[in-house]
Number of protein chains: 2
Amino acid sequence: MMNYTTLLKEYNLKVTPQRVAIVEELYANGHMNIDDLYKKLLAKFPSISLATIYKNVNAMIEKVFLNEVKIPNSKSVYELVKDEHSHLVCSSCGKIEDLDLNVSSLIEEATTLKNYTIKQSSVVFTGLCPNCSK
Amino acid sequence: MMNYTTLLKEYNLKVTPQRVAIVEELYANGHMNIDDLYKKLLAKFPSISLATIYKNVNAMIEKVFLNEVKIPNSKSVYELVKDEHSHLVCSSCGKIEDLDLNVSSLIEEATTLKNYTIKQSSVVFTGLCPNCSK
DNA sequence: GTGTTTGCAAACATTTTGCAGTCAC
DNA sequence: GTGACTGCAAAATGTTTGCAAACAC
């Protein structure tokens with residue numbers, strides 16, 4: 001169980017009910033796009049504004065508390081920052097899963113080939129989840 | 001040397017000067033975002049419209065002749081479709097390079113772990129290019 | 001009490017659409 | 001000649017900003 005209030009404070013974000021709800025939703029659902037978040041929060045705060053969602057998501061990204069994941073052929077989703085990982089997206093039902101893959105050998109390969117200093121990686125695989133491939 | 005007219009016809013796209021210019025630019029520059037393309041084409045067609053760029057890029061994506069690459073913290077770029085490959089982005093100068101990495105073992109790993117049927121992969125590394133890391 | 005956040009409305013940015021005239025074939 | 005494409009203007013969509021009232025601390 002998570003204490004979202006403490007978590008927000010650690011990231012120097014003032015604790016408002018809207019922010020707590022955003023964190024709760026992301027914690028519960030893993031990955032959500034702006035509209036997902038807006039719809040979920042509307043249920044709790046009937047007069048919440050989309051602008052509030054945007055401002056908070058941007059503030060949380062700024063503090064490196066949230067991360068934007070860009071997904072081919074789909075809207076960006078947001079997730080709580082954790083250790084670097086890859087993503088698996090089902091093109092049929094939209095489900096998104098985290099995936100711990102060992103990317104370091106790829107990064108070495110890339111470094112050797114092109115001599116870049118690599119800071120970040122984005123690995124997104126798209127396909128059919130077990131359910132949808134039946 | 002490439003024959004863009006033939007290439008467009010092979011993809012069932014009518015050959016217009018604007019389309020030829022889009023293909024020429026992408027062939028010459030590798031990766032371009034919408035504004036890059038618009039500015040380049042404006043030089044050749046002073047009255048070209050952004051709508052024309054959008055319509056053509058979308059039509060070419062539809063025919064699987066172009067591919068959109070989503071880049072963290074940056075605008076999408078478009079490239080001519082070729083064999084699957086990864087991308088290396090310089091966060092300082094914006095340069096984008098193609099990169100042939102062996103992703104198949106990662107895909108196997110992902111398939112084993114999560115039992116998805118993977119169809120596509122998007123691998124984008126961000127860092128500093130040799131020039132900018134000096 | 002001070003400074004930040006919220007929600008609203010307006011502004012701004014990006015992308016798509018409808019349509020008349022033009023072009024590809 | 002027919003259907004597709006272009007460029008324009010308008011519309012639709014997505015995101016940000018300014019501001020007064022409310023809230024966090």
Side-chain angles (χ1 to χ4, degrees), chain A residues 3-26 32-63 65-78, chain B residues 3-26 32-63 65-78:
Chain A
N3 186 333
Y4 305 118
T5 297
T6 310
L7 203 52
L8 283 167
K9 279 182 184 157
E10 278 171 13
Y11 283 86
N12 286 307
L13 291 160
K14 294 238 156 108
V15 178
T16 66
Q18 293 86 343
R19 283 180 179 168
V20 171
I22 289 175
V23 181
E24 279 174 3
E25 288 299 338
L26 286 174
M32 301 175 84
N33 65 35
I34 291 287
D35 287 339
D36 294 339
L37 270 173
Y38 182 49
K39 280 173 196 150
K40 281 287 192 179
L41 289 231
L42 261 184
K44 291 185 187 170
F45 307 94
S47 67
I48 199 173
S49 159
L50 240 190
T52 299
I53 308 285
Y54 277 109
K55 284 175 198 170
N56 282 327
V57 165
N58 289 337
M60 291 175 182
I61 289 173
E62 186 85 17
K63 302 281 187 182
F65 176 51
L66 292 194
N67 179 39
E68 177 182 2
V69 184
K70 292 201 175 185
I71 306 210
N73 316 310
S74 187
K75 291 183 186 166
S76 287
V77 296
Y78 302 89
Chain B
N3 185 333
Y4 306 117
T5 298
T6 309
L7 203 52
L8 283 167
K9 278 182 183 157
E10 278 171 10
Y11 282 86
N12 286 308
L13 291 159
K14 294 239 157 109
V15 178
T16 68
Q18 292 86 344
R19 283 180 179 168
V20 171
I22 289 174
V23 181
E24 280 174 1
E25 289 298 339
L26 286 174
M32 301 174 83
N33 65 33
I34 291 288
D35 287 339
D36 295 339
L37 269 172
Y38 182 49
K39 279 173 196 150
K40 281 288 193 177
L41 288 232
L42 262 183
K44 291 185 186 169
F45 307 94
S47 67
I48 200 173
S49 159
L50 241 189
T52 299
I53 308 284
Y54 275 109
K55 283 175 197 168
N56 282 327
V57 164
N58 288 337
M60 291 175 183
I61 288 173
E62 185 85 17
K63 301 284 187 179
F65 177 51
L66 292 194
N67 180 39
E68 177 181 2
V69 184
K70 292 202 175 185
I71 305 207
N73 315 310
S74 185
K75 291 183 186 168
S76 288
V77 295
Y78 301 88

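We name chains A, B, ... by the order of the sequence lines, and we start the count at 1 in each one.
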Problem set entry | Pairing residues for Tyr54(A) by the side-chain contact (heavy atoms from CB on, under 4.5 Å) criterion, not counting sequence neighbours |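 Partners of Tyr54(A) under the side-chain contact (heavy atoms from CB on, under 4.5 Å) test: Ile34(A), Leu50(A).
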Exercise. How would you list, by chain and number, every residue that makes a salt bridge (Lys or Arg N to Asp or Glu O under 4.0 Å) with Glu24(A), sequence neighbours excluded?
Worked result: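 Only Lys44(A) meet the salt bridge (Lys or Arg N to Asp or Glu O under 4.0 Å) criterion with Glu24(A).
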Exercise. Can you name the nearest heavy-atom pair linking Phe45(A) to Ala21(A), along with the distance?
Worked result: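 Distance-wise, the nearest heavy atoms are CE1-CB, 3.7 Å.
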Seminar exercise, completed: 5' to 3', nucleotides 19-25 of chain C under a 4.0 Å protein heavy-atom cut-off (B base, S sugar-phosphate only, - none) gives -----SS
Problem set entry | Any Asn58(B) side-chain nitrogen or oxygen under 4.0 Å from OP1 or OP2 of dT16(C) |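 Yes, within the criterion.
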For this session: Taking only the side-chain nitrogens and oxygens of Asn56(A), find out if one of them lies under 4.0 Å from OP1 or OP2 of dT6(C).
Result: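 Yes, such a contact exists.
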Problem set entry | Residues within residues 45-53 of chain B bordering DNA chain C, heavy-atom distance below 4.0 Å |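 Residues of residues 45-53 of chain B that come under 4.0 Å of DNA chain C are, in numerical order, Ala51(B).
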Would you give me the side-chain donor-acceptor pairs under 3.5 Å for residues 70-78 of chain A, sequence neighbours excluded?
unit_1, atom_1, unit_2, atom_2, d
Lys70(A), NZ, Ile71(B), O, 3.1
Lys70(A), NZ, Ser74(B), O, 2.6
Lys75(A), NZ, Asp35(A), OD2, 2.9
Ser76(A), OG, Glu68(A), OE2, 2.6

Problem set entry | Gap between atom CE of Met32(A) and atom NZ of Lys39(A) - 0.5 Å precision |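 Separation between the atoms: 10.0 Å.
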Exercise. What is the distance from atom CG of Asn56(B) to atom CG of Leu41(B), rounded to the nearest 0.5 Å?
Worked result: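 It comes to 9.0 Å.
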d([atom1], [X]; [atom2], [N]) in whole Å:
| X | N | atom1 | atom2 | value |
| --- | --- | --- | --- | --- |
| Gln18(A) | dA21(D) | CD | C1' | 14 Å |
| Asn33(B) | dA13(C) | CG | C1' | 14 Å |
| Arg19(A) | dT6(C) | CZ | P | 5 Å |
| Leu41(A) | dG7(C) | CG | C1' | 13 Å |
| Tyr54(A) | dT6(C) | OH | P | 16 Å |
| Ile22(B) | dC5(D) | CD1 | P | 12 Å |
| Leu8(A) | dA24(D) | CG | C1' | 12 Å |
| Tyr38(B) | dC8(D) | OH | P | 8 Å |

Show every donor-acceptor pair shorter than 3.5 Å between a side-chain atom in residues 8-18 of chain A and any protein atom, with sequence neighbours excluded, or say none if there are none.
unit_1, atom_1, unit_2, atom_2, d
Thr16(A), OG1, Arg19(A), N, 3.2

Problem set entry | Any donor-acceptor pair under 3.5 Å from Asn58(A) side chain to Lys55(A) backbone |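 Pair absent, no side-chain N/O of Asn58(A) close to backbone of Lys55(A).
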Exercise. Among all residues two or more places apart in sequence or in another chain, which pass the side-chain hydrogen bond (donor to acceptor under 3.5 Å, both in side chains) test with Thr6(A)?
Worked result: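 Thr6(A): side-chain hydrogen bond (donor to acceptor under 3.5 Å, both in side chains) contacts with Asn3(A).
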Exercise. Listed by chain and number, what are the side-chain hydrogen bond (donor to acceptor under 3.5 Å, both in side chains) partners of Asn67(B), not counting sequence neighbours?
Worked result: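 So Asn67(B) forms a side-chain hydrogen bond (donor to acceptor under 3.5 Å, both in side chains) with Glu79(B).
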For this session: Tell me which residues in residues 68-78 of chain B put a heavy atom below 4.0 Å from DNA chain D, sorted by number, or none.
Result: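 By residue number: none to list.
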For this session: Compute the bend angle of the helix from dG1(C)-dC25(D) to dC25(C)-dG1(D) from the end axes (five pairs per end), rounded to 10°.
Result: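 Taking the rotation axis at each end, their angle is 50°.
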Exercise. Is the shortest heavy-atom distance from the side chain of Leu26(B) to the side chain of Val23(B) under 4.5 Å?
Worked result: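 Heavy-atom side-chain distance check fails, nothing below 4.5 Å.
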